[in-house]
Number of protein chains: 2
Amino acid sequence: MTKTDTHMTMRVVNHIRSLIESGGLQPGDRIPPEREFAHKLRISRASLRTGIGYLAAMGVMDVRHGVGTFVADGPPEIGKSSLSLLGALHGFQSWQMFEARRILESELAALAAERGREQHFAALSEEVAEMYATVGNPMEYLIHDIRFHRVIAQASGNPILAALMETITSALYDERRKTAERSRDLKESADLHREIYRAIRSRNAGEARTVMTRHLTMAQSAQDLEAMATQPKNDGHPRKARKRPVEI
Amino acid sequence: MTKTDTHMTMRVVNHIRSLIESGGLQPGDRIPPEREFAHKLRISRASLRTGIGYLAAMGVMDVRHGVGTFVADGPPEIGKSSLSLLGALHGFQSWQMFEARRILESELAALAAERGREQHFAALSEEVAEMYATVGNPMEYLIHDIRFHRVIAQASGNPILAALMETITSALYDERRKTAERSRDLKESADLHREIYRAIRSRNAGEARTVMTRHLTMAQSAQDLEAMATQPKNDGHPRKARKRPVEI
DNA sequence: GGTCCCAGAGAGGTCCGACCACTAGAATAC
DNA sequence: GTATTCTAGTGGTCGGACCTCTCTGGGACC
């Protein structure tokens with residue numbers, strides 16, 4: 001156990017954690033106003049806010065100015081906002097993100113083939129159709145592309161893997177936003193998505209995995225070409241921890 | 001872009017983010033004292049602390065009472081502390097965590113077989129030997145077990161996947177701490193680890209993946225047996241968002 | 001000369017109480 | 001009935017006081 005006593009922030013976190021674990025607090029629920037809650041916990045409002053801030057940063061709480069503080073609703077997010085920062089910090093390479101995505105999504109596709117339900121197949125079919133319909137509009141196309149992959153993640157029946165995928169892809173899109181796709185590639189992309197859809201619908205897990213891998217490998221090399229001459233990579237960390245505070 | 005102006009906390013986060021991305025701040029570096037830094041940014045110390053707290057929650061900063069605030073050093077962690085909380089919140093099932101782990105580690109093993117270096121092989125060999133030496137001591141054994149998997153993650157050459165694995169396994173160990181393993185299973189476990197090691201050393205990616213999958217599948221069913229009659233699962237969320245604050 | 005102990009400096013942690021800013025819903029005006 | 005304005009409630013920011021922890025350097029002691 002981590003020290004559950006001292007450290008106000010941990011006191012708050014553990015209090016709320018136990019409320020969640022006991023089921024007393026469920027997604028969408030609202031916690032009492034800060035002043036009231038702080039008084040009830042016998043701590044200052046500032047400390048309460050520290051704890052809530054911690055939970056909010058982890059995606060567990062949702063703080064809305066002027067409205068209240070709620071337990072996060074919607075799909076789980078695992079360190080979604082932190083990945084790009086951690087990436088900058090530890091020098092994650094673009095290919096590493098692609099590799100992670102390729103592995104996750106391939107397995108997700110295989111699982112979707114095994115466990116997907118009719119509703120998922122229908123949604124996938126719908127998105128494929130939309131993709132074909134928007135090959136001339138990269139902006140629109142991208143939306144359906146994202147949705148397609150998201151449906152697969154849902155169909156996999158494993159929310160943890162889905163959340164991990166979401167984390168990676170959103171970080172990837174941050175980098176990708178600049179590289180607008182050329183629409184002549186989109187037809188090809190749509191074809192691949194259709195293949196993936198068919199493999200999943202026919203419950204052919206191996207095929208789904210294979211095609212998904214192929215799709216993402218192609219997507220990566222396509223983007224690599226566009227990027228080419230980009231930022232200088234800093235591989236090894238020439239980190240020399242400075243004890244004196246950095247000049248800001 | 002998210003609103004980078006208003007919201008003091010985001011101002012702080014973005015300021016530090018840009019410092020990190022520009023290389024002005026590196027792992028291990030120390031940021032100025034709160035009072036000084038706050039004054040320099042023209043914000044109150046409280047707001048600065050909110051922002052720092054946010055970054056600390058994401059694992060980007062490391063705040064040490066009485067010492068100072070540092071940019072996180074050591075291996076990256078992605079939402080490590082949040083997963084168990086998110087799990088309680090979204091009703092993650094134990095088998096889902098195992099599945100995620102199985103997938104990640106299997107691929108990690110395959111990658112390690114392809115990219116591992118001599119130093120990794122040596123470390124793996126060392127840990128296997130230690131495992132055999134401690135089959136009579138589950139506590140000690142576990143340490144080397146964990147190290148073994150961690151070395152594989154490093155050898156994979158993909159820190160992102162390694163960090164994801166670390167997140168899952170640490171959440172898993174939280175649950176597992178109660179179920180002490182019976183030492184008669186450990187010999188069998190050590191044998192499997194040795195097989196994994198051999199597959200990796202001989203650069204047989206497929207074999208490494210297969211054996212790792214087998215190992216983790218066995219580990220899961222072993223633990224399932226021990227657990228058996230546990231906590232009641234709440235599958236579907238009968239979530240009914242309450243607008244009125246919950247009674248605490 | 002080396003070792004141990006302790007006070008002080010410097011850093012983060014907590015608290016208070018006031019005031020600002022936003023949101024949603026009620027009251028009002030048209 | 002609809003549009004506008006007001007207001008209560010809630011989170012956000014502030015600054016400034018005081019507490020607690022860590023590290024370190026100087027002195028007492030051996």
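These figures come from a predicted structure and were not determined experimentally. The figures here come from the full heavy-atom set of this structure, side chains too, leaving out hydrogens, waters and symmetry mates. Naming: A, B, ... by sequence-line order, numbering from 1 per chain.
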Looking only at heavy atoms, the pair that brings B/Ile31 and B/Ile52 closest together is CD1-CD1, 3.8 Å
Exercise. Respond yes when some side-chain nitrogen or oxygen of A/Ser47 is under 4.0 Å from OP1 or OP2 of C/dC15, and no when none is.
Key: yes
Looking only at side-chain N and O atoms, does B/Thr69 come under 4.0 Å of OP1 or OP2 in C/dA11?
no
Taking the six-membered ring for Trp and the single ring otherwise, decide whether the centroids of A/His149 and A/His193 are under 6.0 Å apart.
yes
Using a heavy-atom cut-off of 4.0 Å across all strands, would you classify B/Thr50 as base, sugar-phosphate, or nothing? nothing
| Under-4.0 Å side-chain N/O to phosphate OP1/OP2 contact, A/Arg49 with D/dG12 | yes
Notebook entry, point to check: Does the pair A/Glu166/A/Arg150 count as a salt bridge with the N-to-O cut at 4.0 Å?
Noted result: yes
Quick note, salt bridge (charged side-chain N to carboxylate O under 4.0 Å, His left out) partners involving residues 46-55 of chain A, not counting sequence neighbours, are A/Glu34-A/Arg49
The bend of the helix from C/dG1-D/dC30 to C/dC30-D/dG1, taken between the axes of its five terminal pairs at each end and rounded to 10°, is 0°
Atom CZ of A/Phe37 and atom P of D/dG11 are separated, to the nearest Å, by 11 Å
Result for 5'-nearest mapping on DNA chain C, choosing between A/Arg64 and A/Ala46, is A/Ala46
Can you name the atoms? Protein N/O to nucleotides 17-20 of chain C N/O, anything below 3.5 Å, with the distance.
{"residue": "C/dC19", "atom": "N4", "partner": "A/Arg35", "partner atom": "NH2", "Å": "3.4"}

**Prompt:** In terms of side-chain geometry, is the basic nitrogen of B/Arg115 or A/Glu99 positioned less than 4.0 Å from the acidic oxygen of its partner?
**Reply:** yes
